[in-house]
Amino acid sequence: MTADGVPTGDRQASGGGERQQPRGVTIYDVCGPSQDPPRLRRLPRVVAAALGLVWAAGPRQLLAAAALKALNGAGVAVLVLGGRDLLAGVLAADRAGAAFSAVGPELVALVAVTVAMGFAAAAGQQLQDVLGELTARHAQERIVEVACAVELEAFETPAFHDRLQRAALGGQRRPLQAVQGLLGLAGGGLGAAGTVVALSALQPLLVPLALAGAVPLWMAAAKSGQVFFRFAYELTPADRRRQYLYGLLTGKEPAKEVRAFGLVGLLRDRHRRLYDQRIAELRRTARRRMRLSLLGSLGMSAVLGAAVGGLVAMALGGRISLAEAGAATGAVFVLGERLMGAAISAGQLYEAAPFIEDFLSFLALKPTAEARRSVQAAPRGFSRLVAERLSFTYPSGQRPALCDVSLEIRGGEVVALVGENGSGKTTLAKLLSRLYLPQSGRILWDGTDTATVDADDLRRSVAVIFQDFAHYTLPARDNIGLGRPESIDALDGIAAAAAQAGADELLARLPDGYETLLGPEFEGGTDLSVGQWQRLALARAFFRDAPFVILDEPTAALDARAEQELFARIRTLLGGRTVLLISHRFSSVRCADRIYVLQAGRVVEAGSHAELVARGGLYAELFGLQAAAYLGSDDGPPGARQTASNA
């Protein structure tokens with residue numbers, strides 16, 4: 001593993017040579033920092049990073065919150081010293097028989113300081129609420145940047161999903177928690193400092209004793225943060241499974257099947273068991289943290305009790321006055337309260353620090369991914385695409401999805417990929433559209449290795465619609481316009497693409513035409529049938545106006561008439577563009593210039609429809625089986641082949 005997290009086995013030869021990468025080893029499998037919290041020497045760096053994140057989100061709010069904390073800290077010192085003077089004044093007035101008005105100004109001043117401190121605390125809370133939302137938004141934007149920068153392969157690795165989840169949970173809340181802890185620590189420190197000054201004036205020998213009371217609390221806080229991070233870290237995979245089950249129970253897409261098969265009880269039981277496991281583990285974690293907190297509090301209480309006992313002994317022995325003893329006792333308890341607050345804030349820091357380190361390690365995936373990405377301009381237009389001995393295995397796969405695949409696609413051709421389920425057709429389409437990089441072999445686009453050019457730049461020349469295309473809960477015009485986002489306001493082009501896909505009539509019948517919100521999730525939305533959604537997906541591909549078009553099962557949801565019309569007009573509709581057509585329906589690929597037959601990730605046959613039927617291999621067998629099913633033949637594959645060859 002190199003310093004930037006790139007596996008040493010991942011290399012790319014210069015000039016577009018073969019790339020080799022160990023199967024299942026990617027930068028996304030690195031699970032970030034260890035489960036242990038940052039050591040003290042790393043804590044300043046983590047706190048500085050948290051400050052940087054919060055500062056980037058809301059600098060004015062952060063400065064105002066810090067100022068209010070400082071104001072509160074200064075107010076504590078004023079209250080302690082003012083309280084001593086007020087008590088001394090009351091005792092003096094009592095001895096002299098003076099009126100209450102003699103100490104009235106001091107009392108009014110203390111009340112005013114108390115009111116100001118209360119206002120500062122309330123204002124600080126409001127500021128922190130706003131700052132929390134700003135920080136969450138900033139963290140979410142950074143997470144989105146990483147998710148959009150990494151290769152699609154990242155989403156095939158469980159480790160990446162674990163890291164993504166922890167980043168989403170930790171990055172949006174923990175930086176502010178760290179800053180709040182830092183501000184609380186600063187406020188508590190200022191308050192403690194003011195109290196120390198006051199206590200030093202009263203009885204300096206008590207200062208080190210009182211400060212020693214914070215040590216047990218700080219040790220408990222550090223250990224408590226470690227315990228909680230381990231809990232969150234280890235439960236991430238189980239939490240993702242639980243959330244997946246929740247999505248099955250509450251999501252629109254799975255709702256039909258969940259009810260049709262009566263899965264509610266089973267899924268709820270599994271969801272409940274996972275939640276029970278989480279709560280049980282949380283209770284164990286909470287008990288450990290409570291024990292640590294109790295030990296810290298007992299240690300501090302013992303120290304402060306010894307300090308107060310010393311004051312009582314000195315007062316009874318006549319070594320200090322009653323006013324000094326009372327003020328010093330109050331100062332000790334105030335100091336204890338401030339030190340306890342500072343320890344709690346330190347606990348926030350210790351708890352937040354490992355989450356922030358984990359979040360930062362996730363953000364580091366972006367520069368790593370960008371460093372691995374070429375910035376060379378992609379070829380313009382399309383003349384010839386050649387795939388040379390491609391192999392690819394999914395990170396979690398047990399066998400290659402593609403193995404030693406070679407093919408050629410020339411400009412203006414319609415080329416088809418056929419094969420049984422799991423033969424590698426869609427995986428090959430993802431490689432050809434530069435969504436994945438091959439682990440060996442290369443793809444030459446007009447002689448240029450696609451792995452050596454900017455991926456986004458290359459994909460501008462590709463229009464791809466997969467069989468599991470997206471249903472965008474957006475206006476109908478956007479569902480088409482997203483095919484070329486830079487021209488999303490080109491209504492004439494959107495309407496023309498809809499007409500090409502046969503979607504113009506259905507859009508005209510919608511309540512607000514092209515402005516109709518699609519999908520039932522939001523108020524005013526209109527849902528479509530699967531076939532109607534597929535027509536919009538086709539329109540999206542047509543609107544992209546790319547020279548290379550990949551259609552993965554483009555008619556799977558269309559009726560027979562619509563399918564026949566589409567394939568009969570595909571060359572006219574796509575106007576000289578190059579088309580890669582993936583289909584299970586062999587009748588739909590007969591018009592292709594060349595057909596590649598995949599089996600278990602390998603190309604086993606290639607040729608025109610007539611050539612492949614005449615050859616009598618896998619294509620002829622599968623085509624014959626489909627033809628026999630349509631014609632009702634009981635002759636089996638041999639008779640079906642004869643029927644197909646005569647068709």
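Values in this document were obtained by computation on a predicted structure and should not be read as measured data.
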Salt bridge flag under 4.0 Å for residues [X] and [Y]:
X: Arg273; Y: Asp276; answer: no
X: Asp512; Y: Arg477; answer: no
X: Glu281; Y: Arg278; answer: no
X: Arg240; Y: Asp162; answer: yes
X: Glu553; Y: Lys425; answer: no
X: Arg163; Y: Asp358; answer: no
X: Arg45; Y: Glu357; answer: yes
X: Arg389; Y: Asp404; answer: yes

Report task. Check whether the side chains of Tyr394 and Thr427 place a donor and an acceptor atom closer than 3.5 Å, and report yes or no. Result -> yes
Can you tell me how far [atom2] of [Y] sits from [atom1] of [X], rounded to the nearest 0.5 angstrom?
X: Arg442; Y: Thr450; atom1: CZ; atom2: OG1; answer: 10.5 Å
X: Arg268; Y: Leu245; atom1: CZ; atom2: CG; answer: 12.5 Å
X: Glu253; Y: Glu257; atom1: CD; atom2: CD; answer: 11.5 Å
X: Leu248; Y: Leu263; atom1: CG; atom2: CG; answer: 8.5 Å
X: Leu482; Y: Ser487; atom1: CG; atom2: OG; answer: 12.0 Å
X: Ile465; Y: Phe542; atom1: CD1; atom2: CZ; answer: 9.5 Å

Atom [atom1] of [X] with >12 non-hydrogen neighbours under 6.0 angstrom:
X: Arg459; atom1: CZ; answer: yes
X: Arg272; atom1: CZ; answer: yes
X: Glu486; atom1: CD; answer: yes
X: Tyr246; atom1: OH; answer: no

Requested in this report: Applying salt bridge (Lys or Arg N to Asp or Glu O under 4.0 Å) between Glu151 and each of Arg434, Arg372, Lys430, Arg373, report the one that passes.
Outcome: Arg434
Query raised in the report: So Leu266 and Arg270, side-chain contact (heavy atoms from CB on, under 4.5 Å) or not? Walk me through it.
Result: CA-CA 6 Å; Leu266 174 67; Arg270 293 185 177 182; 3.8 Å; yes
Least distance between heavy atoms, [X] atom then [Y] atom:
X: Ala498; Y: Ile480; answer: CB-CD1, 3.8 Å
X: Ser374; Y: Ala451; answer: CB-O, 4.4 Å
X: Pro175; Y: Leu53; answer: CG-CD1, 3.8 Å
X: Ala476; Y: Gly513; answer: CB-O, 4.2 Å
X: Ala470; Y: Arg540; answer: O-NH2, 3.3 Å
X: Val603; Y: Leu598; answer: CG2-CD1, 4.2 Å

Report task. Tell me, with the steps shown, if Thr426 and Asp552 meet side-chain hydrogen bond (donor to acceptor under 3.5 Å, both in side chains). Result -> CA-CA 7 Å; Thr426 298; Asp552 186 0; 2.9 Å; yes
Is there a side-chain contact between [X] and [Y], using heavy atoms and a 4.5 Å cut-off?
X: Thr393; Y: Arg399; answer: no
X: Arg288; Y: Arg283; answer: no
X: Leu385; Y: Ile443; answer: yes
X: Arg484; Y: Asp545; answer: yes
X: Leu622; Y: Val418; answer: no
X: Leu127; Y: Leu131; answer: no
X: Leu536; Y: Leu507; answer: yes
X: Phe392; Y: Cys403; answer: no

Check whether [X] reaches the backbone of [Y] with its side chain - one donor and one acceptor, N or O, closer than 3.5 Å.
X: Asp454; Y: Asp457; answer: yes
X: Asp527; Y: Pro520; answer: no
X: Asn479; Y: Leu518; answer: no

Report task. Enumerate the residue pairs fulfilling side chain to side chain donor-acceptor pair (under 3.5 Å) with a member in residues 133-145, sequence neighbours excluded, ordered by first and then second residue. Result -> Glu145-Lys366
Query raised in the report: Can you check side-chain contact (heavy atoms from CB on, under 4.5 Å) on Leu390 and Leu407, steps first, answer last?
Result: CA-CA 9 Å; Leu390 304 181; Leu407 57 78; over 6 Å; no
Requested in this report: Look at the rings of His271 and Tyr275 and say which category their plane angle falls in: under 30° parallel, 30 to 60° tilted, over 60° perpendicular.
Outcome: perpendicular
Query raised in the report: Using the ring of each side chain (for Trp, its six-membered ring), is Trp445 parallel, tilted or perpendicular to Phe548, with breaks at 30° and 60°?
Result: perpendicular
Query raised in the report: Does Tyr233 have Arg166 sitting over its ring (NZ/CZ under 6.0 Å from centre, angle to axis within 45°)?
Result: yes
Report task. Using the side-chain contact (heavy atoms from CB on, under 4.5 Å) rule, take Leu267 and Asp269 through it: C-alpha gap first, then chi angles, then the decisive distance, then the call. Result -> CA-CA 5 Å; Leu267 296 178; Asp269 285 345; over 6 Å; no
Report task. Check the pair Val462 / Ser433 against side-chain contact (heavy atoms from CB on, under 4.5 Å), numbers first and verdict last. Result -> CA-CA 6 Å; Val462 182; Ser433 59; 3.9 Å; yes
Requested in this report: Check whether the ring centres of Phe466 and Phe469 lie less than 6.0 Å apart, and answer yes or no.
Outcome: no
**Report entry** Residue pairs involving residues 519-540 (criterion ring pair (Phe, Tyr, Trp, His ring centres under 6.0 Å); sequence neighbours excluded)
**Finding:** His471-Trp533
Report summary line: Residues passing the side-chain contact (heavy atoms from CB on, under 4.5 Å) test with Ala167, sequence neighbours excluded, are Ile143, Phe359, Phe362
